Amino acid sequence: MADNHTRSATYRTTRIDGGTTVVTLHGDLDLLAVPVLSVALDDLTSGAAPDLVLDLSPVPFVDCSGLGLLCRARNRVRYRGGRLRLVTPDDDFRRLLRRTGLGDAFELYPGLPEALADGDAPVPVA
């Protein structure tokens, strides 16, 4: 496990048996956090078939640069034949995704156990 700090957020990476990497973000996913997080996520999505879970449960705010970061991570993971899951119990974030046309772009889960369970269907963005 590694704790890392940006100007507005903290994140922790944890490697789970089976190759899944969980990144738990704390704080705002905003313009100040994106440069450092971008480097970290680029590194985590650089190999073949990355399996990445981003736990956004403790994130109170996501701005447009944060959405761009998530989209970049999704695109990199898909290009390499991997999987990206987002954990967010926040209805406001789901509404933000829907209103920006990204409602179907991500696998969303209400909690980390659901995201890590094999075979569970993602929670639809309603």
Side-chain angles (χ1 to χ4, degrees):
M1 252 187 281
D3 282 331
N4 300 281
H5 303 277
T6 70
R7 292 181 67 190
S8 64
T10 301
Y11 66 97
R12 171 176 287 192
T13 57
T14 307
R15 187 75 131 170
I16 306 294
D17 291 338
T20 301
T21 300
V22 177
V23 179
T24 304
L25 303 171
H26 296 270
D28 295 337
L29 186 51
D30 61 9
L31 184 62
L32 297 175
V34 165
V36 173
L37 291 172
S38 182
V39 171
L41 291 178
D42 282 358
D43 183 51
L44 291 170
T45 59
S46 64
D51 187 9
L52 190 60
V53 175
L54 299 180
D55 186 355
L56 305 176
S57 300
V59 173
F61 176 76
V62 179
D63 72 6
C64 60
S65 60
L67 284 177
L69 174 75
L70 296 175
C71 289
R72 177 177 169 79
R74 181 205 58 192
N75 292 342
R76 288 175 59 86
V77 166
R78 284 187 177 176
Y79 179 76
R80 290 168 175 80
R83 185 175 182 197
L84 174 66
R85 289 160 278 175
L86 301 182
V87 175
T88 178
D90 187 358
D91 289 334
D92 290 336
F93 180 69
R94 291 188 183 133
R95 193 171 15 262
L96 174 66
L97 290 177
R98 198 173 52 248
R99 288 184 178 162
T100 57
L102 297 170
D104 295 326
F106 297 97
E107 287 185 53
L108 299 177
Y109 294 87
L112 192 55
E114 295 88 350
L116 294 174
D118 276 344
D120 281 356
V123 174
V125 178

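Quick caveat, the model's predicted, so the values are computed rather than measured. One-based numbering along the sequence shown.
Across every non-hydrogen atom of Ser57 and Pro89, the tightest pair is OG-CD, 3.5 Å. Taking every heavy atom of both residues into account, Tyr11 and Ala40 meet most closely at OH-CB, 3.5 Å. The shortest non-hydrogen separation linking Ala115 to Arg85 is O-NH1, 2.6 Å. Across all their heavy atoms, Glu107 and Leu84 have their closest contact at CB-O, 3.8 Å. Heavy atoms only, all atoms of each residue included: Asp30 and Ser65 are closest at C-OG, 3.3 Å.
Side-chain contact between Thr14 and Thr24: absent, with no pair of heavy atoms (C-beta onward) separated by less than 4.5 Å. With contacts defined as side-chain heavy-atom distances shorter than 4.5 Å, the pair Thr45/Tyr79 does not qualify. Side-chain contact between Leu29 and Leu70 is present, with heavy atoms from C-beta onward closer than 4.5 Å. With a 4.5 Å cut-off on side-chain heavy atoms, Leu96 and Leu67 count as touching. By the 4.5 Å heavy-atom criterion applied to side chains, Pro58 and Leu25 are not counted as neighbours.
Taken to the nearest 0.5 Å, the CG atom of Leu54 stands 11.5 Å off from the OG1 atom of Thr13. A distance of 12.5 Å separates CG in Leu108 from CD in Glu114, rounded to the nearest 0.5 Å. Taking CZ from Phe93 and CG from Leu102, the interatomic distance works out to 8.5 Å, rounded to the nearest 0.5 Å. Summarising the geometry, atom CG belonging to Leu56 is positioned 11.0 Å from atom NE2 belonging to His26; distances are rounded to the nearest 0.5 Å. The distance from atom OG1 of Thr20 to atom CG of Asp51, rounded to the nearest 0.5 Å, is 3.5 Å. For the atom pair CZ of Arg74 and CZ of Arg78, the computed distance is 5.0 Å after rounding to the nearest 0.5 Å.
Following chains of ILVMFWY side-chain contacts shorter than 4.5 Å, one cannot reach Val39 starting from Leu41, and the two form parts of different hydrophobic clusters. Both Ile16 and Val87 sit in one connected hydrophobic cluster of ILVMFWY residues. Membership requires side-chain heavy atoms under 4.5 Å apart, directly or through other members.
Using a 4.0 Å cut-off between charged nitrogen and carboxylate oxygen, Arg12 and Asp55 do not count as a salt-bridge pair.
No donor-acceptor contact under 3.5 angstrom links the side chains of Thr88 and Asp90, judged on distance only.
In this structure a side-chain-to-backbone donor-acceptor pair under 3.5 Å is missing from Ser38 to Pro35.
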